[in-house]
Amino acid sequence: MDTLQQTIIEVIATEGRIPIETIHPDSRLSDLKIDSLDVVQIIFELEDRFDISLPDRDPAVDTESVAGLVAAVKRLIAERADAKPASDQPQQV
């Protein structure tokens with residue numbers, strides 16, 4: 001399990017108020033008995049923690065499973081890194 005996945009699982013456990021050992025990469029949030037308000041709080045926390053914005057109601061983004069959240073966060077972090085302006089990038093000497 002990578003660090004990003006572990007961090008996301010920790011956020012789910014904290015915000016969903018469930019034991020971390022009950023969460024697995026293939027878990028669905030509904031199967032973990034996490035209600036919709038807690039799902040929203042999980043998404044807000046992930047957005048704040050990783051400085052990303054998860055798309056609302058995008059069928060291409062799975063926010064209902066641990067694996068889907070991990071994949072979405074990884075993709076958004078990579079897109080943000082690729083979109084950095086040249087002035088933010090270290091200069092070649």
Side-chain angles (χ1 to χ4, degrees):
M1 184 177 312
D2 66 24
T3 304
L4 179 69
Q5 182 176 6
Q6 184 62 37
T7 300
I8 292 171
I9 287 174
E10 289 169 5
V11 168
I12 293 168
T14 300
E15 298 299 332
R17 295 178 300 283
I18 60 173
I20 197 167
E21 59 273 359
T22 64
I23 304 170
H24 304 283
D26 60 341
S27 298
R28 299 200 55 76
L29 301 184
S30 59
D31 294 340
L32 297 170
K33 308 286 189 254
I34 297 175
D35 66 39
S36 58
L37 290 175
D38 287 334
V39 171
V40 170
Q41 196 57 38
I42 289 166
I43 290 171
F44 285 158
E45 179 61 27
L46 293 174
E47 289 177 332
D48 286 347
R49 183 157 313 189
F50 296 107
D51 192 28
I52 58 171
S53 181
L54 286 160
D56 188 33
R57 294 186 171 97
D58 182 344
V61 177
D62 173 14
T63 58
E64 298 179 9
S65 71
V66 175
L69 285 170
V70 170
V73 170
K74 279 183 181 180
R75 181 176 55 83
L76 291 168
I77 290 171
E79 287 174 6
R80 184 187 65 215
D82 290 343
K84 277 190 175 180
S87 62
D88 289 350
Q89 306 260 340
Q91 295 199 357
Q92 299 283 335
V93 186

Any residue meeting side-chain contact (heavy atoms from CB on, under 4.5 Å) with V11, in chain and number order, not counting sequence neighbours: E15, I42, E45, L46, R49
L54 versus A72, closest heavy-atom pair with distance: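 That would be CD2-CB, 3.8 Å.
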Where L76 and P55 come nearest, the two heavy atoms and their spacing: CD1-CD, 4.3 Å
Residue pairs passing the salt bridge (Lys or Arg N to Asp or Glu O under 4.0 Å) test where at least one lies in residues 4-14, sequence neighbours excluded: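 For residues 4-14, and leaving out neighbouring residues, there are no salt bridge (Lys or Arg N to Asp or Glu O under 4.0 Å) pairs at all.
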Qualifying residues under salt bridge (Lys or Arg N to Asp or Glu O under 4.0 Å), relative to K74, sequence neighbours excluded: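 Scan of K74 (salt bridge (Lys or Arg N to Asp or Glu O under 4.0 Å), adjacent residues dropped) gives D2.
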Residues forming a salt bridge (Lys or Arg N to Asp or Glu O under 4.0 Å) with R80, sequence neighbours excluded: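 With neighbours one apart ignored, the set is empty.
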Heavy-atom side-chain proximity of T7 to V73 below 4.5 angstrom: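 SC-SC contact between T7 and V73 ruled out.
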Within-4.5 Å side-chain heavy-atom neighbours: R17 and D38: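 R17 reaches D38 side chain to side chain.
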Side-chain donor-acceptor distances from residues 61-68 under 3.5 Å, at least two apart:
from, atom 1, to, atom 2, distance (Å)
D62, OD1, E64, N, 2.8
D62, OD1, S65, N, 3.4
D62, OD2, S65, OG, 2.5
E64, OE1, R28, NH2, 3.0
S65, OG, G68, N, 2.9

Examine [X] and [Y] and state if one hydrophobic cluster contains both, with Ile, Leu, Val, Met, Phe, Trp and Tyr joined whenever side-chain heavy atoms are less than 4.5 Å apart.
{"X": "I20", "Y": "V70", "value": "yes"}
{"X": "L4", "Y": "L29", "value": "yes"}
{"X": "I77", "Y": "I12", "value": "yes"}

Contact list for residues 18-27, test side chain to side chain donor-acceptor pair (under 3.5 Å), sequence neighbours left out: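 Pairs touching residues 18-27 that pass the test: none.
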CG on L69 to CD1 on I8, rounded to 0.5 Å: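 So the CD1 of I8 and the CG of L69 are separated by 6.5 Å.
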CD1 on I52 to CZ on R75, rounded to 0.5 Å: 9.0 Å
